[in-house]
Amino acid sequence: MMAALRHTPLTFVRMFCLTLVVTMTMAQKLRDVDTLINTCIDSKHHKSAPGPEGSLFTTCHQWKNRSCCTEDTTRLIQESSPYNFNYDHCSRVKSMSSECKRHFMLDHCFYECSPNVGPWVVSENRLWRRERYWGVPLCAIDCELWFTACADDVTCTDNWTNNFRWLNMTGDCPTRGSCLTNYCPVNSTCQTFKKIYRTARNFCEKVWDNAWKYAEPTTPCMHLQFNQSAINPNDAVALHYAQIIAGSQMHSCNLVWFSIQLAVWAFINRILTVAS
Ligand SMILES: *[C@@H]1O[C@H](CO)[C@@H](O)[C@H](O)[C@H]1NC(C)=O
Ligand SMILES: *[C@@H]1O[C@H](CO)[C@@H](O)[C@H](O)[C@H]1NC(C)=O
Ligand SMILES: *[C@@H]1O[C@H](CO)[C@@H](O)[C@H](O)[C@H]1NC(C)=O
Ligand SMILES: *[C@@H]1O[C@H](CO)[C@@H](O)[C@H](O)[C@H]1NC(C)=O
Ligand SMILES: *[C@@H]1O[C@H](CO)[C@@H](O)[C@H](O)[C@H]1NC(C)=O
């Protein structure tokens, strides 16, 4: 008789806890994944959340359905650079070829427009951005094409994020706001990409300070170019990594809930034991 009475509340408490655990972790997981696949980095030109754009300028048009950039930003990418970044910093030797520049523009479009970098966002403390992405897997084929297009172009430093000197431009400043632009480091020499970077992998990973990671052939990875009238293939890549991240968070969350559940169970069990 006593044993039966004791089991009723215990079973109830146990079921209640279990239901709570399952519901909360599932809701949490869905929210985490949803946030991770719908993120724009916190930076100078980015929108606060991805959304459709009426018409994105030529190079960035593939991102027009769901984009972190505005048409104004893409026009700057096409015509100059939103940061006055000078791709022709070695113009005394040679201006950048149009095919190489086209790949840098695609890369810049991805940077400003892609809604799929959530799983790789890290904080950074710079005047023009509070977040950046780090280690986004770039498909080997995209990296190889980019490097091949630029192999015979020239530059003066490998790490473009950090090694340039930013000084006022000579002559008229084309954009409103800052007139700073990048100049080669002191005493550097302009050499071919092939000589400075040697391999495609080294180039893609180093040029923007590990923003990209060269993806091995079997790894889900990002494309810089895709068919505008099909679905953005990078959506599935972001989802894949978001689920891994949310899954591992759920695992630790589950452990905490399981411990609480055990503790409550032990506590009630003890009260009931004492009472009997
Ligand atoms: C660039 O020019 C602006 C305005 O002329 C000036 O205030 C600023 O100090 C200059 N910056 C550098 C790094 O020379
Ligand atoms: C640049 O080279 C000159 C001449 O070799 C040298 O005197 C100077 O210290 C170098 N500057 C830097 C920043 O390395
Ligand atoms: C780029 O330069 C910064 C500052 O010197 C350095 O911390 C970083 O490791 C460099 N990145 C690469 C990929 O070499
Ligand atoms: C782009 O996608 C559309 C629709 O899926 C397809 O009909 C078309 O052939 C594709 N074009 C290319 C160049 O792959
Ligand atoms: C953009 O939206 C149109 C219309 O909804 C759709 O047919 C197309 O597949 C979408 N393209 C991308 C890249 O998502």
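Both ligands and their constituent atoms are indexed starting at 1 by order of listing. Every heavy atom of this structure was used, including side-chain atoms; hydrogens, water molecules and symmetry mates were not.
- A disulfide bridge connects C100 to C150: their SG atoms sit within less than 2.5 Å of one another.
- By the 3.5 Å distance cut-off applied to N or O atoms, N163 is not counted among the residues near ligand 3.
- Looking only at side-chain heavy atoms (C-beta outward), D88 and K101 come within less than 4.5 Å of each other.
- The backbone N or O of A238 sits nowhere less than 3.5 Å from a side-chain atom of N116 that would complete a donor-acceptor pair.
- In the vicinity of D209, heavy-atom distances shorter than 4.0 Å reach the ligand 3 atoms 1 (C), 8 (C), 10 (C), 11 (N), 12 (C), 13 (C).
- Not one N or O of K206 is nearer than 3.5 Å to an N or O of ligand 3, by distance alone.
- A distance below 2.5 Å between sulfur gamma atoms is met by C139 and C221.
- Interface of N159 with ligand 3, defined as ligand atoms under 4.0 Å from a residue heavy atom, comprises 1 (C), 2 (O), 3 (C), 8 (C), 10 (C), 11 (N), 12 (C), 14 (O).
- Under 4.0 Å from any atom of ligand 2, one finds heavy atoms of residues V186, N187.
- Considering backbone and side-chain N/O of E205, none are found under 3.5 Å from N/O of ligand 3.
- For the residue pair E144 / Y214, a side-chain donor-acceptor distance below 3.5 Å is found, with atom types taken as modelled.
- Counting the atoms of ligand 3 from 1 in the order shown, those under 4.0 Å from a heavy atom of N162 are 1 (C), 2 (O), 3 (C), 4 (C).
- For the cysteine pair C69 and C113, the distance separating the two SG atoms is below 2.5 Å.
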Pair up each side-chain donor or acceptor in residues 182-189 with any protein partner under 3.5 Å, not counting sequence neighbours, and list the distances.
from, atom 1, to, atom 2, distance (Å)
N182, OD1, N86, N, 2.5
N182, ND2, N86, O, 3.2
Y183, OH, N168, O, 3.4
S188, OG, P185, O, 2.7

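- Side-chain N/O atoms of T155 and W160 include a donor and acceptor closer than 3.5 Å.
- Side-chain contact annotation: D209 with T161, donor-acceptor N/O pair under 3.5 Å absent.
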